[in-house]
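Heads up, the thing below is written out as structure tokens.
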Amino acid sequence: MAAPPPNDGYGQYPPQQYGEQPQYPVDPAQQAYGSSASPPPAAASQHGAEHGKKKKRAYAAQAFEVATGGNAVVGGQPAAAQYGIPQPAAPGFGGYPAQDVQQPAYGAPTTPYGAPQPAVPGVGGYQAPDAYYSQGAAPAAVGPAPGGVAGITAGIQSMGFGGQPQQPQQLPAQARGPANQLYPTDLLNQPFNVAELELPPPPIILPPNSSVTPSPDANCAPKYVRSTLNAVPTTHSLLKKSKLPFALVIQPYAALHDLDDPVPVVQDQVISRCRRCRSYINPFVTFLDHGHRWRCNMCNLTNDVPQAFDWDAAAQKSVDRWQRHELNHAVVEFVAPQEYMVRPPQPLVYLFLFDVSYAAVSTGLLATSARTILDSLDRIPNADRRTRLGFIAVDSSLHYFSVPRDTEENGETSMLVVSDLDEPFLPVPGELLVPLTECRQNIESFLNKLPEMFANNQSNGNCMGSALRAGHKLIAPLGGKIVVLSSSLPNVGYGKLEMREDKKLLGTSKESGLLQTANSFYKSFAVECSKNQVSIDMFLFSSQYQDVASLSNLPRYTGGQTWFYPGWNAARAEDAVKFASEFSDYLSSEIGLEAVLRVRATTGLRMSTFYGNFFNRSSDLCAFPAFPRDQCYVVEVAIDENLTKNFVCLQTAVLHTTCNGERRIRVMTLALPTTTNLADVYASADQCAIATYFSHKAVEKALGNSLDAARDLPQQKITELLQTFRKELGGGSMGGGLQFPSNLRGLPALCLGLTKHVGLRKSALIPSDIRSAALCLLSTLPLPLLMQYIYPRLYSLHDMPDNAGFPDPETSQIVLPPPMNLSSERFVPFGLYLIDDGQTQFLWVGRDAVPQLILDVFGVQERTQVAVGKGTLPELDNDFNERVRNVIAKSRDHKSKGVGSITLPHLYIVREDGEPSLKLWAQTLLVEDRADQGMSFQQWMGMLREKVSH
């Protein structure tokens with residue numbers, strides 16, 4: 001039985017260790033800067049008066065009554081309308097005058113806890129001019145930009161955003177090269193709007209007839225490959241002059257399962273490749289000699305078209321070449337013939353290493369792990385009935401388990417204990433990795449009994465290093481995954497680690513040493529595993545120091561991942577549910593095996609640096625013993641020779657074995673126009689891809705140099721870009737302020753978010769385990785989740801629009817409220833807010849939240865009765881409770897963001913007048929506020945302006 005956890009609601013690491021007290025801005029001038037939650041004052045008062053007649057707000061009526069001593073008459077109204085009269089604007093909030101109090105019309109449509117929704121629900125009301133989305137159009141006359149989220153939404157719709165591929169734009173015949181127009185905006189007078197981070201990247205505008213078919217899918221969709229530059233400089237000197245990075249952000253899979261993101265599959269095993277550069281035939285090749293030959297779009301070599309290219313061998317008839325998937329789709333998957341195999345495709349193998357020390361047993365980790373595997377046996381991919389499982393228990397000894405086949409008379413699992421940790425031998429190796437199909441009943445029986453076997457274990461030993469060596473020896477002939485479930489520091493045998501956390505070092509220049517590997521075993525062993533196609537995933541649960549910095553090397557070099565659960569205890573239902581959900585989804589994921597990734601490109605381009613969790617086997621080959629579906633990779637591109645073509649191509653290929661034993665090649669081809677014009681380069685830069693590149697570079701510096709160097713990098717890079725833009729593109733002569741292209745307006749905020757992130761920010765209160773786990777995420781998260789992790793989402797729930805929290809009639813997807821910028825200026829004391837960084841959610845309850853709001857959301861009468869800390873919302877029988885729960889669930893839904901992820905974020909309920917440390921933790925996510933050693937967004941922009949103007 002798991003011991004009850006301390007009644008703190010948030011586990012071992014109290015929130016005060018995450019950050020510092022934010023300083024609330026008080027200067028009205030500062031408030032005006034970036035305070036864009038409301039329209040201009042005149043519009044606000046006029047619109048508020050009209051809109052107030054349509055909105056009813058119980059919490060506002062009560063708050064107004066308390067403030068004035070008056071009596072709001074609401075009793076005679078229908079239930080939906082018993083929410084009273086509009087709240088006067090909070091003094092100092094946005095600096096706008098209070099609105100006239102209006103009695104709502106009887107039966108008017110309501111937003112139950114909402115302030116009258118401004119005409120511009122977004123933040124700032126600024127966006128890039130419409131012409132930013134046009135191709136080849138002349139710049140429009142200078143005038144006011146379309147307003148807020150409405151204008152941005154229109155821009156998105158005009159782009160066809162929402163999973164649509166980046167299509168080759170057909171230009172007039174006389175047009176040459178890219179035509180994205182450069183639109184400078186003043187970052188100081190037109191503040192950044194968080195909704196701009198949802199915009200698609202600048203369009204890729206290719207010359208007419210660049211692809212051999214008119215398919216809309218001929219160019220790679222941004223969910224698979226994004227370039228930091230959607231117009232490539234023709235020379236190295238122009239790229240260097242721009243100070244912009246040229247890199248690809250690659251995520252070969254957009255979902256955990258094929259059914260959720262189908263890709264065209266070429267089944268006939270006819271694979272046409274260039275004889276010289278080995279690129280795969282794709283929509284951007286050129287056919288010659290009446291279609292008998294094709295010219296490679298990478299190296300220009302002419303190749304023969306295979307005779308079987310136009311023939312269907314199964315149906316014994318000719319086929320239309322122009323219907324072939326590889327000529328119509330930039331992303332395809334080939335079924336590979338025999339020559340792509342070094343050996344027969346390996347089966348899927350999972351070897352589980354269970355920590356069975358006292359810490360793991362007493363917290364319920366062993367029981368929860370065993371139960372989750374048992375419940376997930378049907379979810380583990382096993383279509384070819386070859387999947388094998390193995391189990392080793394670890395304390396101060398190794399406990400092997402031999403599971404017999406279901407057909408054997410003696411169906412008892414036998415345990416073999418090995419205490420020699422220096423050279424652990426393998427007893428009966430053939431019976432330690434067993435087929436799931438043939439041993440299913442005995443595996444179920446074993447998993448049911450496993451927790452009882454160690455229920456009274458008092459050992460505090462953990463020989464996980466020795467267990468890893470034994471596990472590697474066991475599965476190396478086949479390859480596969482070692483899954484480590486550990487709740488204590490490896491303290492005996494190989495890879496022994498010491499307790500080296502020293503609070504006196506935190507926040508100092510010596511803190512970086514705590515992020516380095518303490519024992520060289522973890523790097524050298526990981527490389528050895530990679531050579532034998534063995535991948536390692538770490539699930540770490542500890543209430544004490546666990547040295548995540550050292551242990552995370554194992555996944556980093558073997559294509560795995562580190563999942564960290566600080567202060568985890570199964571007696572807390574939220575902890576048990578989170579891990580069980582994530583672990584079950586992990587086991588069901590359709591991973592690739594024995595994989596390699598290579599990126600080829602047009603002559604003149606070279607892949608120079610690779611970032612992500614893999615082993616760089618040669619200069620351009622990345623090796624993955626297992627290929628996960630929830631990570632992204634960054635590849636930096638160098639321009640070695642001048643580019644003479646008007647567009648270039650970059651092709652990513654992933655050779656892998658599917659879970660079902662089929663050898664396949666996933667090919668993704670991206671075509672980008674070239675340019676000799678610096679303005680075109682800036683107008684086509686992708687701010688989210690650039691921020692992803694900066695994130696990977698910063699993690700590299702944190703692990704290889706120092707935290708100070710990592711923190712300085714985003715500031716140094718954004719300063720260089722602003723200075724270059726001012727110097728080279730006249731940014732200083734366009735009306736002062738701080739000029740930057742409209743398509744890069746979010747980059748300064750993302751750079752600030754990165755420097756203030758828990759993985760990098762300067763603080764003496766962040767444990768090194770927490771920091772190391774955050775660095776793992778900063779270097780692996782898919783782009784949409786990384787953007788949210790760096791700059792979290794903030795939603796106002798008490799006044800969300802009428803349609804928010806309900807399914808959209810057309811898509812059936814829950815509608816989210818408009819996101820707001822991350823500043824305490826957005827908060828009103830009677831509000832209810834959701835802050836979500838994709839890993840953790842905070843439901844913020846204002847100190848003046850009225851009883852009706854508290855009752856409807858939490859089901860209690862008084863605000864002080866709301867339980868704070870880790871929790872869940874009760875399901876109550878009212879619309880507003882359902883809408884809030886829907887918004888929380890939708891914000892957690894990673895699948896709707898076009899990415900695969902197993903993460904189920906914890907929800908923490910925070911009262912503004914409640915637990916101070918929990919409140920501080922939530923406030924560290926408000927990136928635009930000043931906090932201890934971190935500057936506010938206003939200070940950040942002021943500092944950048946000062947650096948740029950000197």
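As the structure is a prediction and not an experimental result, all values here were calculated from the model. One is the number of the first residue; the rest follow in order along the sequence.
- The six-membered or imidazole ring of F614 lies away from that of Y557, with a centre-to-centre distance of 6.0 Å or more.
- Note on E452 versus K449: no salt bridge recorded, every NZ/NE/NH1/NH2 to OD/OE distance being 4.0 Å or above.
- Side chains of T924 and V758 form no contact here, defined as non-hydrogen atoms less than 4.5 Å apart.
- A heavy-atom distance below 4.5 Å is found between the side chains of E501 and P767.
- Listed for the S524 side chain is a donor-acceptor partner under 3.5 Å among the backbone atoms of S520.
- A donor-acceptor pair under 3.5 Å is formed between the side chain of D355 and the backbone N or O of S487.
- Counting only heavy atoms from C-beta outward, the side chains of S486 and N462 approach each other to under 4.5 Å.
- Q839 is not listed as a side-chain neighbour of P905, based on a closest heavy-atom distance of 4.5 Å or more.
- Interatomic distance, CG of L765 versus OG of S917, reported as 11.5 Å (0.5 Å rounding).
- When side chains are defined from C-beta on, V394 does not count as touching V356, because their heavy atoms never get closer than 4.5 Å.
- A distance-only check finds a donor-acceptor pair linking the side chain of S901 to the backbone of T903 [under 3.5 Å].
- To the nearest 0.5 Å, atom CD1 of residue I591 and atom CZ of residue R629 are 9.5 Å apart.
- By the ring-ring contact (aromatic ring centres under 6.0 Å, His included) test, H696 pairs with no residue at all, sequence neighbours left out.
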Check the pair Q544, S488 against side chain to side chain donor-acceptor pair (under 3.5 Å), reporting the backbone distance first and the verdict last.
CA-CA 7 Å; Q544 304 297 328; S488 54; over 6 Å; no
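- Shortest non-hydrogen contact noted between L447 and A370 is O-CB, 3.7 Å.
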side-chain contact (heavy atoms from CB on, under 4.5 Å) evaluation trace for F391 with I443:
CA-CA 10 Å; F391 308 93; I443 288 174; 4.1 Å; yes
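- A distance of 6.0 Å or more separates the ring centres of W563 and F579.
- Between Y633 and F624, the ring-plane angle classifies as perpendicular under the 30° and 60° cut-offs.
- Between K578 and E574 there is no salt bridge, since none of the side-chain N atoms of the basic residue sits less than 4.0 Å from a carboxylate O of the acidic one.
- Residues L256 and S588 have side chains not in contact (no heavy-atom distance under 4.5 Å, counting atoms from C-beta outward).
- The two residues C632 and V249 come nearest to each other via the heavy atoms SG-CG1, 4.0 Å.
- For the side-chain contact (heavy atoms from CB on, under 4.5 Å) with S535, the lone residue among T558, V349, I482, V483 that qualifies is T558.
- Side-chain contact between L351 and K481: absent, with no pair of heavy atoms (C-beta onward) separated by less than 4.5 Å.
- By the 6.0 Å contact criterion, CZ on F615 is enclosed, its count of non-hydrogen atoms from other residues, nucleotides or ligands being greater than 12.
- In this structure a side-chain-to-backbone donor-acceptor pair under 3.5 Å is missing from R388 to P435.
- Under the 3.5 Å distance criterion, the side-chain polar atoms of D837 are left unmatched by any main-chain donor or acceptor of P792.
- In the model, T413 has no side-chain atom that pairs as donor or acceptor with a side-chain atom of N442 under 3.5 Å.
- Taking the six-membered ring where the residue is Trp, the centroids of H399 and F454 are separated by under 6.0 Å.
- Residues Y565 and F541 bring their aromatic ring centres within 6.0 Å.
- Separating the CG atom in D537 from the CG atom in L554 is a distance of 10.5 Å, to the nearest 0.5 Å.
- Residues L785 and D630 fail the side-chain proximity criterion, which asks for heavy atoms closer than 4.5 Å.
- Shown here is K701, whose NZ atom has no more than 12 heavy atoms of other residues, nucleotides or ligands within 6.0 Å.
- Residues passing the salt bridge (charged side-chain N to carboxylate O under 4.0 Å, His left out) test with E498, sequence neighbours excluded: none.
- For Q516 (side chain) and A549 (main-chain N/O), no donor-acceptor pair under 3.5 Å exists by modelled atom type.
- Looking only at distances, no side-chain donor or acceptor of E594 sits under 3.5 Å from a matching main-chain atom of A626.
- N448 CG to S445 OG: the interatomic distance, rounded to the nearest 0.5 Å, is 6.5 Å.
- R572 approaches G567 most closely through the heavy-atom pair NH1-O, 3.6 Å.
- Residues in residues 469-490 take part in these ring-ring contact (aromatic ring centres under 6.0 Å, His included) pairs, two or more places apart or across chains: H472-F525.
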How far apart are the C-alpha atoms of N460 and S357, what are their side-chain angles, what is the distance that settles it, and do they pass the side chain to side chain donor-acceptor pair (under 3.5 Å) test?
CA-CA 5 Å; N460 287 316; S357 66; 5.9 Å; no
Applying side chain to side chain donor-acceptor pair (under 3.5 Å), run through Q631 and Y253 and close with a yes or a no.
CA-CA 9 Å; Q631 295 186 29; Y253 295 91; over 6 Å; no
Side chain to side chain donor-acceptor pair (under 3.5 Å), that's the test. Do S376 and S584 meet it? Break it down for me.
CA-CA 6 Å; S376 305; S584 182; 2.9 Å; yes
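- Nearest heavy-atom pair, Q251 versus G900, reported as atom, atom and distance to 0.1 Å: NE2-N, 4.1 Å.
- A distance-only check finds no donor-acceptor pair linking the side chain of S550 to the backbone of D547 [under 3.5 Å].
- Distance OG1/T780 to OH/Y611: 15.5 Å, rounded to 0.5 Å.
- When all heavy atoms of L398 and C463 are compared, the pair lying nearest together is CD2-SG, 3.6 Å.
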Do L497 and L551 pass the side-chain contact (heavy atoms from CB on, under 4.5 Å) test, and can you show the C-alpha distance, the side-chain angles, and the key distance before you say yes or no?
CA-CA 10 Å; L497 295 169; L551 297 177; 4.1 Å; yes
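- A salt bridge links D585 to R379: at least one charged side-chain nitrogen sits closer than 4.0 Å to a carboxylate oxygen.
- A distance-only check finds no donor-acceptor pair linking the side chain of K870 to the backbone of Y908 [under 3.5 Å].
- Summarising the geometry, atom CG belonging to L778 is positioned 4.5 Å from atom NE2 belonging to H757; distances are rounded to the nearest 0.5 Å.
- With hydrogens and angles disregarded, a donor-acceptor distance shorter than 3.5 Å links the side chain of D769 to the backbone of V548.
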